[in-house]
Amino acid sequence: MVEPTKPNELKEEAYWTQRYQEARTGWDIGYPSIPLKTYIDQLEDKTISILIPGAGNAYEAEYLWKKGFRNVFIMDISQVPLEQFAKRNPDFPKQQLLLEDFFQHNTRYNLIFEQTFFCSFVPTLENRTAYAKQMADVLKPHGKLVGVWFDIPLTEDMEKRPFGGDKKLYLSYLTPYFKPITFEPCYNSIPPRMGSELFGIFEKK
């Protein structure tokens, strides 16, 4: 297996801060992703610890918080979306807003939500392998990675985000570390994304 390396932290921070400052956030739908909201609605244990890395404006975290989940942690490499979230949710604990590089994080959680994070960094073998390994590393035993992955062609353009892939490609990275519970086309995507998203639940091996 290729030894994972980590995406360039300073370069990534500058890139995403500029995107937020210029309001170039086409991935931001302005409310919780319907597939994730549907999954959240069936969760019963509100004490579980949850991480949302690359959270952006973190509408899913806002939804979780309002439903009574108190161990929700939001992570982004840019300060801008964290500040925006704090303004929208002044009662959310500031210590649960994590300005960090995900690949340096070492706390463990019961559940991680994936929402446009995997597709955000340059899709090299090293970066994607590092993603899968780190997701497993920051989950507790039998923890779950739940989310939505873009089912769109992966081009050779290393600047055209979001970077895509397909079911087979994603599984090649994830299955060394996770047992797939489900990984199928989303039936409840928003209309502009219908047919271009996969919903997955993966359990840490």
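The first residue of the sequence shown is numbered 1, and numbering continues consecutively from there. Every heavy atom of this structure was used, including side-chain atoms; hydrogens, water molecules and symmetry mates were not.
Minimum heavy-atom separation, H105 to T107: NE2-CB, 3.5 Å. In terms of heavy-atom proximity, S78 sits nearest to L99 at C-CD1, 3.5 Å. Across all their heavy atoms, D76 and A55 have their closest contact at OD2-N, 3.4 Å. Annotation for L171 and P176: closest pair O-CD, 4.2 Å, computed over non-hydrogen atoms. Here the closest heavy-atom approach between residue L36 and residue G147 is recorded as CD2-CA, 3.7 Å.
If you look at F113 and F117, their ring centroids are not closer than 6.0 Å. Aromatic ring centres of W149 and F199: separated by at least 6.0 Å. A ring-centre distance under 6.0 Å is not found for F178 and Y173.
Side chain of E203 to backbone of K144: no donor-acceptor contact under 3.5 angstrom is found. Of the possible polar contacts, none joining the Q84 side chain to the N57 backbone as a donor-acceptor pair under 3.5 Å is found. A donor-acceptor pair is defined here as one N or O able to donate and one able to accept, closer than 3.5 Å; such a pair exists between the side chain of Q42 and the backbone of Y39. A donor-acceptor pair under 3.5 Å links the side-chain atoms of N89 to the main chain of F85, judged by distance alone. No donor-acceptor pair closer than 3.5 Å links the side chain of Q115 to the backbone N or O of P53. Not one N or O on the side chain of D151 forms a donor-acceptor pair closer than 3.5 Å with the backbone of L198. In this structure a side-chain-to-backbone donor-acceptor pair under 3.5 Å is missing from T129 to E126. Judged by distance alone, with hydrogens and angles left aside, the side-chain atoms of K205 form a donor-acceptor pair with the main-chain N or O of T175 at under 3.5 Å. In this structure a side-chain-to-backbone donor-acceptor pair under 3.5 Å is missing from R70 to K46. Under a 3.5 Å cut-off, the side chain of S49 and the backbone N or O of N110 do form a donor-acceptor pair.
Considering only residues two or more places apart in sequence or on other chains, T47 meets the side-chain hydrogen bond (donor to acceptor under 3.5 Å, both in side chains) condition with D45. Partners of E114 according to the side-chain hydrogen bond (donor to acceptor under 3.5 Å, both in side chains) rule, which considers only residues two or more places apart in sequence or in another chain, are Y131.
Checked for salt-bridge contact, K87 and E83 miss the test: no charged N lies under 4.0 Å from a carboxylate O. Checked for salt-bridge contact, K37 and E60 miss the test: no charged N lies under 4.0 Å from a carboxylate O.
Residue pairs satisfying the salt bridge (charged side-chain N to carboxylate O under 4.0 Å, His left out) criterion with at least one member in residues 169-189, sequence neighbours excluded, are listed as follows: K167-E184.
No side-chain heavy atom of Y170 sits less than 4.5 Å from a side-chain heavy atom of F202. Looking at heavy atoms from C-beta onward, I112 lies in side-chain contact with L139 at the 4.5 angstrom threshold. Side-chain contact between F92 and L97 is present, with heavy atoms from C-beta onward closer than 4.5 Å. Taking the side chain as every heavy atom from C-beta outward, F69 and L43 approach each other to under 4.5 Å.
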